[in-house]
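Below: the structure, in structure tokens.
Each chain gets a letter, A, B and so on, in the order the sequences are listed, and its residues count up from 1.
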Amino acid sequence: MKWLTGPWSTRTMAVLVAAALIAGCSSNNGGSGGEGTGTEGNTGTTGNNAAPITLRVELFDRNNTPAGAPPITDNFMTQYVQENFGDPNNIKVEFVAVPRTQEVEKLNVLMAANQAPDLVYTYDKPTVEKYVKDGGLTDLGPLIEQYGQNLKEVLGEEVMAYGVFDEKQYAIPARRVLLPQSTTMIRKDWLDELGLPVPTTTEEFHNALKAFKEQKPGKSGDNVIPYSNIDPFHLKPLQYSLLDWNNITDEDFFAVPEWLLPGNKEGFRYINQLYNEGLLDPDFPLTMNKDPQKFQKDLINGWVGAGTTNTNEPVYQGYLAEVYKADPEAELVPIDPFNTPDGKYPKALYSPNGLYIFVPKASKNAEAVIKYLDWMAQPENVIALQNGIEGETYEMQDGVPVVLDNDLARQTLYNYPDYAIILNGKFVSATDESLNIAANASEPNHKDFTIESIEKGGRDGVLPVRTSTPIESEMKYAGTLKEKHDEIFVKVITAKPEDFDRIYDSEVQDYMNIGGQEVMDEKLQIYAAEYK
Amino acid sequence: MATTTNPKTRRAPRWQVKSLVRDWQLYSLLVLPMIYFLLFKYGPMFGVVIAFKDYNIFQGVLASPWIGFDTFKEVFQMNGFYRALRNTLLLNLLDLLISFPMPIILAILLNELRIKWFKKGAQMVLYLPHFISWIIIGGMAIQLLATNTGIVNNVLKSFSLQAIPFLTEPFYWVATYLGIGVWQSAGWGTIIYLAALTGINKDLYEAAEVDGANRLRKMWHITLPGIKPTIIILLIINIGHMASIGFDRPFVLSNPLVTNVSEVISTYVYKIGIQSARYTIATAIGLFQAVVGLIFLLSADYISRKVNDQGIW
């Protein structure tokens, strides 16, 4: 009967979501209906004592509520918001659940049906640009000036600038507290067993992989995968270390597709060599970007020697603990081995913004939205929405909230970022970065792993170039090019060495033909216009 | 439904209130499916108008500007579209050649079985794959057929045979795609033929036996002609679906190494139309697909009428 779970769970979820939406809509109708009659009644008697506004706020539903925890639309967080923000301001705050994995599709539908909440958000920049282009968003600039001083302070000017499109503040970007994207880790116990040092250069890393392959340390046996989790995103640290940075201008970095950047081809020739030496996960094309669980399973089985993951992901997704449970001998340590000839360790950073928050033009409550976000930006509310109740779910230690290891904390905080939407990552101080890192190392058992991951994942980081003009060709070709990108990545890495040049050149030519050239040309123009 | 209403209309060619009153139960049974079709099949047809408009979700369907056939021009200029169309037709054609006869053969074989419990058991085992979600099948395919780590190839390698790139080389991928399709659907497809087989007059078999026909002869001269109408109707319907293709199967089984053969219209529309919110493109391709499907269906029906004097209506 196991095979029934797949379709069933999606079906149940669909029904639940539908129910949630219907509930959301109907109660809203009820609310606005009440509002109407309320004001009618009031105009006769008191005049300006208005009935409460209903403020509808999008909420990601990750389908991860722990057993026993209250529903995400009625729990500590929502009650805290209602009591401390809603009630004093005569606002009824209502959370509208949207499934996380389909947020863009769902948002598009809600927008098209004119049923979007007053406050909506997405991580997807092209979606925001499309809404701006189609004229569907409220200009929030004047309202922020009037009601958003706390908000401006917490986010800072640099972050706010990411929400400017066509010279207007159409979106409020969340502030990303920690910028590292990914960090590499390696089985220290394997290195010890083989008498190898913890790698600090690409060469040492390569040697370690070869030793893993030949000597199959630990419990790996024939299943050994020296380096796993191979996909375009997680191979960036290695790829970036192989680029010829001295010959890449900011303009190139922004506009030219990676495939044409100086050094990229030789870099991939090296990665191709690693593959043909059997050092990379041999069947990675089958699960790449499709099944992230595979890497975790292989790692827990003790087959994987090294892997690059989202920074600190092994801790916050809990699979580091699983690895240690499965094999008490295992020890994973964060490393940063990929060096350039100049001794740098370049890697991609996130831009300092997280998701984009915005207000549909059809909403009448833009003012309440800004007031809500400004309220959220006040330090005591940030702390409460990220850490819960002092003494029950967290304690203050050295100015940093430390989450307690108890059931209440787990049931209260598992999805806190979905409420404290203006911040991506735990935030304590706008001035002291080390306090923020400490606050994010909240898993007491793996504190060192987290801190090291964050530090190593950020060393010599390269920030993406920011532009504010919507890139129309990118909106058009994004889907096609992303797919082609994956195709090239897989094909050039798995090619036979003698076919490498031919495949690389013809595939990249193809990439340029199906839209790559058009996007590059437009980006060059935009860069020239914005960075005169 | 069609078989119960058809003879009646023939008996009373002119519409009569009397028959409506007499068979009101039958007609009221018909109401529900009619509502279903009106609500979910005819109602949404209004949305097709999006294909001719520069659809802006904030302006709505009606207010968005009319652009005529511009979207279609754009679609027909997309390189990816032709690749997806070619793959769709190719995979469907191969599917028709290989997957279509399978249930017929299986049904005839099952029909020949004498031992009741074995027949039931075999049917059961054959149906089961139909109920497995494609997501699960995709996972099983990778576990079993992956080039370097799959169980099948591990066995081959242990006999020092060459590994077969079932999922990573276009030719083998197509074969795998077809094979898994047969495994998943052939058993389920037998149901309709088995039902048709029960309708064959037993006397014919007895008469053939008296004439000394062997099993193969009986299959060829009695069983097959007996289910011929069913086969033809299903064939025409299948041909009508030539231009459309399910989403799950190609999506789940594909990977970036075989995009050249695995990208089909449904996955292409998903990527271009839905993920990038370009509804106009998605609608235009959908409409194109429907028109091509209609042409295929009508021509198959026409040919069948000419050759066999038998069609779908």
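Put simply, the side chain of A:Asn272 gets close to the backbone of A:Ala495: a donor and an acceptor are under 3.5 Å apart.
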Query raised in the report: Between A:Leu280 and A:Ile271, is a side chain to side chain contact (heavy atoms under 4.5 Å, CB included) present by the stated rule, with each step listed?
Result: CA-CA 9 Å; A:Leu280 308 184; A:Ile271 298 171; 4.0 Å; yes
Query - Residue pair B:Phe52, B:Phe69: steps toward the ring pair (Phe, Tyr, Trp, His ring centres under 6.0 Å) verdict - result: CA-CA 6 Å; B:Phe52 303 95; B:Phe69 284 91; 5.3 Å; yes
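When heavy atoms are compared at a cutoff of 4.5 Å, B:Val252 approaches chain A solely by way of its backbone atoms N, CA, C and O. Only the side chain of B:Thr168 comes within less than 4.5 Å of a heavy atom of chain A; its backbone N, CA, C and O stay farther away. Residue B:Ile135: no heavy atom, backbone or side chain, is found under 4.5 Å from chain A. No part of B:Tyr268 comes within reach of chain A, as not one of its non-hydrogen atoms sits under 4.5 angstrom from that chain. Interface residue B:Glu74: only side-chain heavy atoms are found under 4.5 Å from chain A. Within the 4.5 angstrom heavy-atom criterion, only side-chain atoms of B:Glu263, from C-beta onward, approach chain A.
Within 6.0 Å of CD in B:Gln143 there are 12 or fewer heavy atoms belonging to other residues, nucleotides or ligands.
For the side chain to side chain contact (heavy atoms under 4.5 Å, CB included) test, no residue two or more places apart in sequence or in another chain qualifies with B:Lys120.
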Report all side-chain donor-acceptor pairs from residues 126-134 of chain A shorter than 3.5 Å, counting only partners two or more places apart or in another chain.
from, atom 1, to, atom 2, distance (Å)
A:Thr127, OG1, A:Asp124, OD2, 2.5
A:Tyr131, OH, A:Asn108, OD1, 2.7

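Of the listed residues (A:Met111, A:Glu105, A:Glu483), the one with the most heavy-atom contacts under 4.5 Å to chain B is A:Glu483.
Residue pairs satisfying the salt bridge (charged side-chain N to carboxylate O under 4.0 Å, His left out) criterion with at least one member in residues 39-66 of chain B, sequence neighbours excluded, are absent.
Within the 4.5 Å cutoff, the side chain of A:Phe295 has no heavy atoms near those of the A:Ile230 side chain.
Figure legend: A:Lys290 and B:Phe251 shown as a cation-pi pair, the cationic atom lying under 6.0 angstrom from the six-membered ring centre and within 45 degrees of its axis.
For residues 281-290 of chain B, an interface with chain A (any heavy-atom pair closer than 4.5 Å) does not exist.
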